[in-house]
Amino acid sequence: MARTYRNFIAGEWVAPVAGDYFENRNPARWYDVVGRFPESDARDVARAVRAATRGAVAWAATPAPLRGEVLKRVGDGLTKKKEEIARAMTREMGKVLAEARGDVQEAIDTAYYAASEGRRLFGHTVPSELRNKWAMSFRRPIGVAGLITPFNFPLAIPTWKMFPALVCGNAVILKPAEDTPLTATLLVEVLLESGLPPDVVQLVHGRGETAGRALVEHPDVPVISFTGSTETGALVGATCGRMHKRLSLEMGGKNAQIVLNDANLDLALEGVLWGAFGTTGQRCTATSRLILQRKIHDRFLRMVCDAAENLRMGDGLDAKTHVGPLINEAARDKVERYVDIAKNEGCVLETGGNAPRGERLGRGWFFRPTVFAGVRPGMRLEQEEVFGPVLAVIRVKDLDEAIKVNNDVRYGLSSSLYTADLDSGFRAMTALETGITYVNAPTIGAEAHLPFGGVKQTGNGHREGGWQVYDFFSETKVVYVDYSGHLQRAQIDNR
Ligand code: UN1
């Protein structure tokens with residue numbers, strides 16, 4: 001019988017009020033039940049908010065460098081448990097173990113960055129326009145932050161939000177994806193072992209429509225950070241807009257790798273395999289379009305298809321596996337739907353296009369690495385996020401056309417250009433409309449200490465990672481001190 005897990009609310013591991021649970025299963029082997037997790041509702045969320053509101057007061061009064069020291073210990077704790085967490089992650093999420101270790105490492109990097117930020121939560125001191133008057137800004141915590149996170153980076157993404165929120169002095173409530181609740185549980189355990197005061201973190205499992213929604217709608221949660229689909233993001237945004245909440249959204253992508261005639265094709269091949277089929281294409285940053293310049297199109301397409309056919313699908317815990325399963329049945333249905341759509345649009349299926357059968361792979365949500373050629377700008381396969389191992393190949397005349405195709409989608413997270421020409425690299429750097437551009441590297445590979453996020457409908461202008469997220473999780477306060485001894489009227493008395 002699989003273990004039953006609980007929420008963490010008000011300093012205790014507790015059962016959900018309604019007493020309902022959902023099963024978390026291994027996507028590589030359905031019969032492997034990882035555990036049963038709480039199906040929480042608005043009552044559980046309300047309890048978590050009450051506790052977090054208490055926690056926020058004491059935590060805000062703790063000096064930021066000391067808050068940072070807790071995060072340092074969290075980094076140490078995650079380092080110690082790196083292998084254990086990575087294995088748990090692969091079991092519940094399916095990504096290959098090397099990638100799961102990378103996911104944990106990203107959380108470790110984020111923890112150490114946050115720890116150092118505790119001694120550097122800069123404000124500004126600027127000259128006043130009046131004599132004998134002091135002007136400065138500093139940061140204050142906001143209060144309780146609601147964090148809603150996806151399955152694809154079960155540890156890294158929660159920590160991108162949680163660690164900066166904590167260092168800035170907020171209490172947090174995490175509602176992790178229902179497909180990856182175990183990793184989130186292990187994260188909270190590390191936080192508690194590291195000396196984080198219990199009321200400062202709450203973990204509420206459950207579904208987006210119930211637990212997630214209750215968190216977004218709760219009046220005492222003034223800041224929400226959400227990573228997920230553009231459709232759900234719009235719903236979250238509507239509620240936050242109505243309730244005047246601060247909101248950070250990270251959503252879809254339709255990222256392209258461009259390969260020019262002068263590129264190192266072997267390098268570009270490694271890049272596209274990693275970008276398109278790593279994490280089984282389930283990254284916001286995944287390469288889902290491959291834009292090839294005319295002269296190398298046929299040759300490079302052949303190279304990609306041959307290599308894709310040699311990728312071995314399997315359980316992510318098996319060292320021989322290159323590509324794990326999709327996360328669940330709905331994900332595989334969606335990928336199958338897009339394969340049909342692409343065929344109906346007249347795209348040419350070059351390889352893949354279906355789920356493998358048989359003893360080894362037939363009882364997981366696997367899907368073959370898939371390549372469609374003859375894709376034209378504007379087709380649905382070219383415009384819409386599939387979130388699976390499906391690559392759309394588009395042929396273009398030159399860099400200008402490649403840039404135009406890259407930009408002509410509603411998303412703008414990451415982009416990549418392979419070229420040996422410095423001028424092309426620099427032109428693309430500014431012309432590609434994405435939050436991140438890689439030159440001679442794939443569309444994935446963001447580092448924890450640089451801002452992560454996209455333009456257009458990928459986000460709403462905020463960034464995670466790096467220094468900008470600290471602005472998001474803190475309130476700027478400005479103080480003027482007039483020590484002249486008389487009334488000085490700004491904009492008037494100095495003229
Ligand atoms: C995501 O795609 O959802 O750049 C996050 C990367 C990772 C983070 C990706 N470091 O692919």
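Quick note: residue numbers are just sequence positions, from 1. Worth saying up front: this structure is predicted, and the values here are computed from it rather than measured.
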Could you grab the distance from atom [atom1] of [X] to atom [atom2] of [Y], nearest 0.5 Å is fine?
X	Y	atom1	atom2	value
Ile85	Glu189	CD1	CD	9.0 Å
Leu78	Leu191	CG	CG	7.5 Å
Ile394	Leu290	CD1	CG	8.0 Å
His322	Glu99	NE2	CD	11.0 Å
Lys254	Thr230	NZ	OG1	12.0 Å
Glu433	Asn407	CD	CG	4.0 Å

Looking only at non-hydrogen atoms, find the nearest pair between [X] and [Y] and report the distance.
X	Y	value
Leu413	Thr458	N-OG1, 3.5 Å
Gly275	Ile444	CA-CD1, 4.0 Å
Pro164	Val469	CG-CG1, 3.7 Å
Ala165	Val172	CB-CG1, 3.7 Å
Asp315	Thr90	OD1-CG2, 4.5 Å
Phe277	Ala308	CE1-CB, 4.0 Å

Salt bridge (charged side-chain N to carboxylate O under 4.0 Å, His left out): pairs with one or both residues in residues 344-370, sequence neighbours excluded: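 Applying salt bridge (charged side-chain N to carboxylate O under 4.0 Å, His left out) to every pair that reaches into residues 344-370, excluding sequence neighbours, yields Arg302-Glu350, Glu359-Arg363.
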
Going by distance alone, is a donor N or O of one side chain under 3.5 Å from an acceptor N or O of the other, for Thr285 and Ser414?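 No - no donor-acceptor pair under 3.5 Å links their side chains.
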
Can you see whether Ser415 engages Thr437 through a side-chain donor-acceptor pair at a distance of less than 3.5 angstrom?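 Distance-only check passes for Ser415 and Thr437.
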
Pair Val371, Glu309 - check side-chain contact (heavy atoms from CB on, under 4.5 Å), show working. CA-CA 10 Å; Val371 179; Glu309 277 156 24; over 6 Å; no

Residues in side chain to side chain donor-acceptor pair (under 3.5 Å) with Asp179, at least two apart?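 Scan of Asp179 (side chain to side chain donor-acceptor pair (under 3.5 Å), adjacent residues dropped) gives Asn328.
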
Non-neighbouring partners of Lys245 that pass side chain to side chain donor-acceptor pair (under 3.5 Å), sequence neighbours left out: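 Result, side chain to side chain donor-acceptor pair (under 3.5 Å) vs Lys245: none returned.
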
Contact check, side chains of [X] and [Y], non-hydrogen atoms, under 4.5 Å:
X	Y	answer
Arg246	Phe473	no
Val144	Asp220	no
Val45	Ile173	no
Leu260	Leu417	yes
Ile341	Leu381	no
Leu235	Val216	no
Val393	Val375	no
Thr351	Val304	no

Please determine if [X] and [Y] form a salt bridge, counting it only when a charged side-chain N lies under 4.0 Å from a carboxylate O.
X	Y	value
Glu193	Lys80	no
Lys175	Glu178	yes
Glu209	Arg207	no
Glu250	Arg463	no

Check: [Y] main-chain N/O paired with [X] side-chain donor or acceptor under 3.5 Å:
X	Y	answer
Lys82	Gln105	no
Asp408	Lys404	no
Thr180	Met93	no
Asp41	Ala18	no
Glu23	Val33	no
Arg25	Trp30	yes
Asn255	Ala286	yes
Asn24	Gly35	no
Tyr418	Leu269	no
Asp44	Pro16	no

What pairs with Glu217 under salt bridge (charged side-chain N to carboxylate O under 4.0 Å, His left out), at least two apart in sequence or on another chain?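 Applying salt bridge (charged side-chain N to carboxylate O under 4.0 Å, His left out) to Glu217 gives Arg213.
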
I need the single residue from Thr279, Thr280, Asp103 that forms a side chain to side chain donor-acceptor pair (under 3.5 Å) with Lys95. Which is it?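 Testing Lys95 for a side chain to side chain donor-acceptor pair (under 3.5 Å) against Thr279, Thr280, Asp103 leaves exactly one candidate, Asp103.
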
side-chain contact (heavy atoms from CB on, under 4.5 Å) between Lys343 and Phe372: does it pass, once the steps are laid out? CA-CA 9 Å; Lys343 286 180 182 163; Phe372 277 102; 4.2 Å; yes

Quiz: residues 146-163 side-chain donor-acceptor pairs under 3.5 angstrom, not counting sequence neighbours:
residue, atom, partner, partner atom, Å
Asn152, ND2, Gln282, O, 3.1
Thr159, OG1, Leu155, O, 3.4
Thr159, OG1, Ala156, O, 2.7
Trp160, NE1, Glu106, OE2, 3.4
Lys161, NZ, Ser225, OG, 3.0
Lys161, NZ, Thr227, OG1, 2.7
Lys161, NZ, Glu464, OE1, 3.4
Lys161, NZ, Glu464, OE2, 2.9

Any pair counted as side chain to side chain donor-acceptor pair (under 3.5 Å), so long as it reaches residues 375-391, sequence neighbours left out: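 As it turns out, the side chain to side chain donor-acceptor pair (under 3.5 Å) pairs with a partner in residues 375-391, which skip direct neighbours, are Arg289-Glu382, Tyr338-Glu384, Arg380-Glu384.
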
Could you walk me through whether Ile9 and Val204 pass the side-chain contact (heavy atoms from CB on, under 4.5 Å) check? CA-CA 8 Å; Ile9 297 176; Val204 183; 4.2 Å; yes

Assign the ring pair His205 / Phe37 to parallel, tilted or perpendicular, where the plane angle (0 to 90°) is split at 30° and 60°.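 Ring orientation, 0 to 90° scale: perpendicular.
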
Going through the checks in order, is the side-chain contact (heavy atoms from CB on, under 4.5 Å) test met by Trp13 and Thr185? CA-CA 10 Å; Trp13 295 98; Thr185 302; 3.9 Å; yes

